[in-house]
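Numbers here simply count residues along the sequence, with the first being 1. Just so we're clear, the structure is a prediction, and the values are computed from it rather than from any experiment.
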Amino acid sequence: MAIVKMKRLHMVGMVSDQEKLLRLLQHMGCVEIVQPETDQEDPVWTGLVQPEGGGLAAAREEKTQAERALEVLKRYAPVKSGLLAPKPDVQEGELLDEERAQRARQAAKEVNDLDRQLAAIRAEENKLETQKEVLRPWLDLDLPLETSSTPQVTIQLGTLPANLPMNQAEGEVRAAGELAQLTEVHTERDFHYCMLVCHASQAEGVLEALKGLGWSRANLRDWTGTAAENLDRLDQKTKALREETASIEEKLSGMGELTAPLRQLSDLAGVNASREESRERLLGTEQTFLLEGWVPEESWPALKQELEKYPCACEVNDPAPEEYPQVPVRLKNNWFTKPLNMVTDMYSLPAYGSLDPNPLMAPFFILFYGMMMADMGYGLVMMIAALVVIKKARPDGATMRYMMPLLGLCGVSTFLWGAATGGFFGDLIPQLMSIVTGGDVADYALPKLFDPLDKAVNVLVGALVLGVVQIFTGMAVSMYKQIKAGETMAALCNEGAWYLVFVLAGVAAVSGQVTPCVIAILIVLVLTQSYGKKGIVGKAMGVFGSLYNNITGYFSDILSYSRLMALMLAGAVTAQVFNTLGAMTGNVIAFFIIAMVGNALNFALNILGCFVHDMRLQCLEYFGRFYEDGGKPFRPLDLDTKYYKVVK
């Protein structure tokens with residue numbers, strides 16, 4: 001239960017073995033390859049270059065094509081899977097098999113080509129629909145659209161605003177030219193669609209009058225035949241396109257069996273992209289390459305044994321303290337503390353060389369969470385949900401693999417606290433028995449050690465005591481770190497002194513000997529808080545500053561733990577309110593509906609609220625006393641996949 005010790009790896013190998021070595025490192029999944037730190041003034045470093053790129057872009061493009069094909073199949077040939085279906089297993093050799101990958105590439109190309117055909121057909125259909133909309137207003141015109149003006153007669157199709165009365169437009173045309181006629185073909189909400197026929201000698205005046213009315217000439221010169229004939233031809237084209245679309249969609253709907261190989265291709269492309277990203281961090285010459293990285297100390301013997309099979313030179317060494325900020329962090333915990341990685345990942349990983357907070361946090365986090373939820377029914381739901389998901393889905397994602405075990409552990413704590421307070425979905429059982437038998441609710445109360453509603457002050461005191469215990473634990477860890485670092489006096493004058501102050505205050509409260517204890521506290525503070533300060537004024541300022549900062553700090557921190565009592569009471573009261581509302585109906589079925597809906601809402605709110613408040617207690621009140629954050633996660637070159645779990 002600690003931060004895994006890391007070794008700095010330096011390796012020089014032959015370029016001819018570069019691909020094999022990278023694949024070996026990826027297979028073992030224990031080396032994070034980093035960019036070497038170069039000295040630009042050293043001619044040896046300036047002679048090293050990065051390998052030529054191209055592989056990374058190709059791998060990413062292949063993954064994009066595979067994912068695109070999968071999205072197409074998801075629309076036309078969806079593959080049903082169980083709600084909690086785990087990732088299927090795939091052998092490493094099967095995933096990396098080039099022949100299978102090539103067949104999958106052909107499948108991806110075929111699916112994507114069909115999808116592109118569908119896109120082109122849809123674009124053509126949209127174009128045809130646009131053309132139909134242009135033609136529809138002219139369906140009543142029994143005149144070929146290509147009909148043009150002659151030297152004697154001007155023929156023109158156009159539109160006028162719909163709010164213009166047609167009789168007014170016709171009158172304007174007749175006034176402008178006796179040998180002119182304006183005919184209304186169709187009217188819609190916005191426009192009158194009209195045909196103008198007039199003698200060429202009067203065309204200029206007539207058109208000038210129409211322009212004043214908002215005349216806009218229709219552009220139909222590319223059409224031949226009447227509007228109805230053209231619309232019929234467009235309908236035939238649309239029908240043919242739809243038949244082609246149906247044929248392609250039917251073909252795609254029968255390609256569901258390609259989903260599995262395409263998923264493998266996507267995972268393979270992701271694996272290749274990861275390897276190519278690591279390759280770009282290498283430096284080398286035409287014959288050799290340099291690799292630098294981090295490897296866990298426990299993994300080095302096995303890796304060394306494998307590397308001895310290749311003509312390469314390797315060296316590992318422990319990082320110097322000044323290198324700690326660059327060292328990646330991996331936590332090694334047992335079944336009980338490992339789920340708390342979820343909390344440390346959300347907050348920040350510990351700095352390399354510091355303490356792993358999970359073993360110090362796990363008992364408090366789980367205990368506090370259960371205290372805030374405190375209901376046997378909610379605890380059972382949490383435990384069952386965690387067991388079902390772990391067993392059925394076998395989660396291995398970055399969050400889920402920690403969330404479900406943590407949910408189960410917090411469910412156990414919630415159940416035990418619920419047993420202590422006698423809560424099972426609030427007071428559901430007593431209320432139900434009261435409805436069935438007509439007796440008093442209190443007669444059917446479950447056995448309990450205490451009732452949080454009746455003993456709210458006791459619960460508050462208990463919450464504050466738990467807070468003191470956690471804060472004292474954090475102070476003890478801080479003292480341990482300081483003493484280990486050789487700062488014994490600092491530890492004794494800070495946390496050590498305040499330990500003694502709290503003990504003396506407790507003695508005064510229990511024994512009633514207030515005056516001697518106050519004198520002892522003042523002596524302790526004067527001796528310790530003035531340590532290292534110069535002059536009487538400096539020492540006095542040190543004492544008074546420490547008094548103010550620490551008293552207010554400790555008081556506010558301890559008071560924060562009152563939220564344990566507040567959430568326990570809030571959850572219990574909310575559950576009882578909904579149960580009481582259901583019981584007021586006097587009907588068992590109505591009671592169950594109202595009680596279960598209310599408890600479901602209460603559970604949903606509390607399961608998140610308790611987590612947030614628990615996180616706050618750990619990250620602010622607890623971690624602030626000893627935790628050194630800022631660690632960066634260990635990200636080794638590995639077979640990271642999305643759809644399959646690789647069996648090595």
Side-chain angles (χ1 to χ4, degrees), residues 19-20 22-24 26-27 29 53-126 240-280 393-397 637-648:
E19 181 66 20
K20 294 179 181 178
L22 285 174
R23 287 182 178 272
L24 170 65
Q26 191 167 39
H27 166 75
L56 178 58
R60 288 176 174 172
E61 175 61 22
E62 184 169 277
K63 185 172 180 64
T64 299
Q65 294 302 318
E67 288 293 328
R68 178 182 173 184
L70 285 169
E71 284 297 320
V72 174
L73 292 182
K74 185 178 179 180
R75 294 196 304 269
Y76 297 103
V79 176
K80 295 182 179 180
S81 59
L83 177 64
L84 297 176
K87 284 184 180 181
D89 294 338
V90 63
Q91 296 294 326
E92 181 179 356
E94 182 180 343
L95 178 68
L96 302 179
D97 183 35
E98 185 58 31
E99 185 177 343
R100 294 170 64 92
Q102 188 58 37
R103 291 197 297 269
R105 293 186 188 102
Q106 292 298 326
K109 183 178 184 303
E110 182 180 2
V111 171
N112 289 331
D113 286 345
L114 291 174
D115 186 53
R116 280 189 284 269
Q117 291 180 33
L118 286 176
I121 290 172
R122 292 191 189 98
E124 183 64 23
E125 284 183 352
N126 291 335
L241 290 175
R242 288 176 178 171
E243 290 175 353
E244 186 177 357
T245 297
S247 176
I248 295 175
E249 289 179 346
E250 183 180 1
K251 187 174 182 180
L252 285 171
S253 66
M255 292 183 171
E257 73 278 358
L258 297 179
T259 298
L262 286 174
R263 286 178 175 176
Q264 289 191 17
L265 178 63
S266 176
D267 281 347
L268 174 61
V271 166
N272 291 339
S274 177
R275 188 171 62 254
E276 292 301 325
E277 288 175 356
S278 296
R279 192 194 307 275
E280 291 189 350
R394 292 181 292 164
D396 61 351
L637 175 60
D638 203 354
L639 297 170
D640 292 323
T641 54
K642 177 181 179 181
Y643 297 105
Y644 287 87
K645 184 176 181 180
V646 181
V647 179
K648 298 182 180 180

Atom [atom1] of [X] and atom [atom2] of [Y]: how far apart are they, to the nearest 0.5 Å?
| X | Y | atom1 | atom2 | result |
| --- | --- | --- | --- | --- |
| Lys109 | Leu114 | NZ | CG | 10.0 Å |
| Asp267 | Lys642 | CG | NZ | 8.5 Å |
| Ser274 | Asp638 | OG | CG | 8.0 Å |
| Tyr644 | Arg263 | OH | CZ | 6.5 Å |

Search all heavy atoms of [X] against all heavy atoms of [Y] and return the closest pair with its distance.
| X | Y | value |
| --- | --- | --- |
| Leu56 | Glu277 | CD1-CG, 3.5 Å |
| Leu268 | Ala101 | CD2-CB, 3.5 Å |
| Thr259 | Ala77 | OG1-O, 4.4 Å |
| Ala108 | Leu265 | CB-CD2, 4.3 Å |

For [X], check side-chain hydrogen bond (donor to acceptor under 3.5 Å, both in side chains) against everything at least two apart and list the hits.
| X | value |
| --- | --- |
| Arg23 | Glu19 |
| Lys80 | none |
| Arg242 | none |

Qualifying residues under side chain to side chain contact (heavy atoms under 4.5 Å, CB included), relative to Pro261, sequence neighbours excluded: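 Listed in chain order: Ala104.
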Hey, are the side chains of [X] and [Y] touching, using non-hydrogen atoms and a 4.5 Å cut-off?
| X | Y | answer |
| --- | --- | --- |
| Gln264 | Glu94 | yes |
| Leu95 | Thr641 | yes |
| Leu24 | Lys20 | no |
| Ile121 | Glu125 | yes |

Check: Lys648 side chain, His27 main-chain N or O, donor-acceptor pair, under 3.5 Å: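 It does hold such a pair.
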List the atom pairs, donor and acceptor, that lie under 3.5 Å between side-chain atoms in residues 243-257 and the rest of the protein, sequence neighbours left out.
| residue | atom | partner | partner atom | Å |
| --- | --- | --- | --- | --- |
| Thr245 | OG1 | Leu241 | O | 2.9 |
| Ser253 | OG | Glu249 | O | 3.4 |
| Ser253 | OG | Glu250 | O | 2.6 |

Contact list for residues 62-78, test side chain to side chain donor-acceptor pair (under 3.5 Å), sequence neighbours left out: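 As it turns out, the side chain to side chain donor-acceptor pair (under 3.5 Å) pairs with a partner in residues 62-78, which skip direct neighbours, are Glu61-Gln65, Glu62-Arg105, Lys63-Ser266, Gln65-Asn112, Glu67-Ser266, Glu67-Tyr643, Arg75-Asp115, Tyr76-Arg122.
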